[in-house]
Amino acid sequence: MLDARFVRENPEKVKAALQKRNMEMDLAPFMAVEEGRLSNIRQLDELREQRNKVSEEISRLKKQRQDAAGLIEEMKGVSARIKELEEEQREAERKAREFLLAVPNVPHASVPVGKDETENVEIRRWGEPRQFDFAPLNHWDLGEMHGIMDFERASKIAGARFSLMKGAGAGLERALMNFMLDLNTSKGYTEVFPPILVNRDSMTGTGQIPKFEGEYFRIADPELYLIPTAEVPVTNIHRQEILEEERLPIRYTAYTPCFRREAGSYGKDTRGLIRQHQFNKVELVKFVRPEDSYDELEKLTGDAEDILRRLGLPYRVIVLCTGDLGFSSAKTYDLEVWLPGQGRYREISSCSNFEDFQARRADIRIRRTGKKGTELAHTLNGSALAIGRTVVAILENYQQKDGGIVIPDALRPYMGIEKIG
RNA sequence: GGAGAGGUGGCCGAGUCGGUCGAAGGCAGCCGCCUGCUAAGCGGUUGUGGGGGUAACACCCCACCCAGGGUUCGAAUCCCUGCCUCUCCGCCA
């Protein structure tokens, strides 16, 4: 969420930011609401001041057993007026917030301007895509060949876009989860294991709601959402809190399952593990001082990259252009891993700096050492990594001519085997 | 699922029959003073948000005692609803 005052005082900046995102919003209704809201505040404050003073006077008169009937009568009118204004005020505040909740973040100056994902910019590559002397298979063929994935039964149990991992496949998921968590905690991230059902306030706090309501699974009674990413529960750990500056940066890593409706992606990645309603992911989340957040974004991205390197998986880093940037994000790097089965790079991690956008929604503030008052924290997060897609990458990159899958060195202590098949 | 208790400032904790309660007192913290050091002691100080105001401070006003409504001239104090916590019984991974 953007600051109401910022929008009020910089409508042209907001418009420019929206334009970069290929969006247009009419700010006029918001401006009108704000104008009314502000003048209302002044009137209300004045009337309440009057009421406070006269009430005190009434109290004094009564103690002296003098007549206060006239003042009381007079205050009835004032109180009625206050009540009216308070109602208007509630409505104005609701409208202003409703509007602001639908406005996306302002992209950082370093983010390339572009209309859609075709204009994202590659920053760097690591590793050489392997040359195969045979036709590499897709991971779903490999998975079925080894009996470690069973999509047919998964669909019987739950439906399309669910997977059933078996044997070494299930073991690989578990090994990756542990490998990633161990590596992340060794770098100082604190491991947490949060609720995977969250309330509406949490979803709103990180920006999933109200704009993208339809993209998430929700249970009706009680009203709770299945998290689409650990970002939601973990960032909300500090919702409505004031963090002491000395505690920063606060860094968490969490494994959770993630759930997404994938509405609107009919026909995309219908086979295999790439796009599932349920998948495993290890996430990194940071709470930092505003002046540190862009350094921290680089570090966080580096921490995610480290996992791919240790697994020996070729990847590239791209910066999302303004047209492809997520709603809450000011800047995002995507990590894309090389998939021989598809002959292209596919997203396996997304690392974002939200600046104070989530912090304002979720009311996460910091208190500077020795200073009065508070200011908003900056929040960041990134996948490190999406586990399902890492499984895909390992199967496809480490497959052998005979169909066997060599387990990457880094994973062997966690798998207890060197090869599948 | 059944029965009860409660939600006050960083923490503990007081708030009488509604009337200077943003809220006593204690602890912690900060700034001084004092004392060879330490400990103790003395004085002062310490919330958040908003609207004004200032070059910036200062300063002024409003709101906030779980949340949202209501009663009243006036509510932390009364009423309603919701949320949460705790205790006991039952059930259960």
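Below, chain A is the first sequence line, B the second, and so on; all start at residue 1.
- When both pairing distances are held under 3.5 Å, B:A23 makes no Watson-Crick or G-U pair with any nucleotide shown.
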Can you give me every donor-acceptor pair (side chain of residues 34-45 of chain A, partner residue at least two apart or in another chain, under 3.5 Å) with its distance?
residue: A:Glu34; atom: OE1; partner: A:Arg8; partner atom: NE; Å: 2.8
residue: A:Glu34; atom: OE1; partner: A:Arg8; partner atom: NH2; Å: 3.2
residue: A:Glu34; atom: OE1; partner: A:Arg37; partner atom: NH2; Å: 3.0
residue: A:Glu34; atom: OE2; partner: A:Arg37; partner atom: NE; Å: 2.7
residue: A:Glu34; atom: OE2; partner: A:Arg37; partner atom: NH2; Å: 3.3
residue: A:Ser39; atom: OG; partner: A:Gly36; partner atom: O; Å: 3.3
residue: A:Asn40; atom: ND2; partner: A:Gln89; partner atom: OE1; Å: 3.2

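- Using bins of under 30°, 30° to 60° and over 60° for the plane-to-plane angle, the ring pair A:Phe259/A:Phe217 lands in the perpendicular bin.
- Aromatic ring centres of A:His108 and A:Tyr294: separated by under 6.0 Å.
- A heavy atom lying under 4.0 Å from RNA chain B marks the following residues of residues 86-103 of chain A, by number: A:Arg90.
- A 4.0 Å heavy-atom criterion places the boundary nucleotides of RNA chain B facing chain A at B:G19 to B:G74, written 5' to 3'.
- For the atom pair OG1 (A:Thr253) and CG (A:Asn381), the distance works out to 11.5 Å, reported to the nearest 0.5 Å.
- Under the Watson-Crick and G-U wobble criteria, each requiring two contacts below 3.5 Å, nucleotide B:U46 is paired to B:A28.
- Residues forming a side-chain hydrogen bond (donor to acceptor under 3.5 Å, both in side chains) with A:His238 (at least two apart in sequence, or on another chain): A:Glu241, A:Tyr252.
- The pairing partner recorded for B:G6 is B:C84, the criterion being a Watson-Crick or G-U wobble arrangement whose two distances lie under 3.5 angstrom.
- Within 4.0 Å (heavy atoms only), A:Arg51 reaches sugar-phosphate atoms of the nucleic acid but no base atom.
- For B:G53, there is no paired base (Watson-Crick or G-U wobble, both distances below 3.5 Å).
- Applying the side-chain contact (heavy atoms from CB on, under 4.5 Å) test to A:Asp306 and every residue at least two apart in sequence or in another chain returns A:Leu183, A:Lys187, A:Arg310.
- You'll find the side chain of A:Ile387 reaches within 4.5 Å of the side chain of A:Met180, heavy atoms only.
- Classified by interplanar angle (parallel below 30°, tilted 30° to 60°, perpendicular above 60°), the ring pair A:Trp338/A:Tyr345 is perpendicular.
- Applying a 4.0 Å cut-off to non-hydrogen atoms, the residues of residues 356-369 of chain A that approach RNA chain B are A:Arg365, A:Arg367, listed by residue number.
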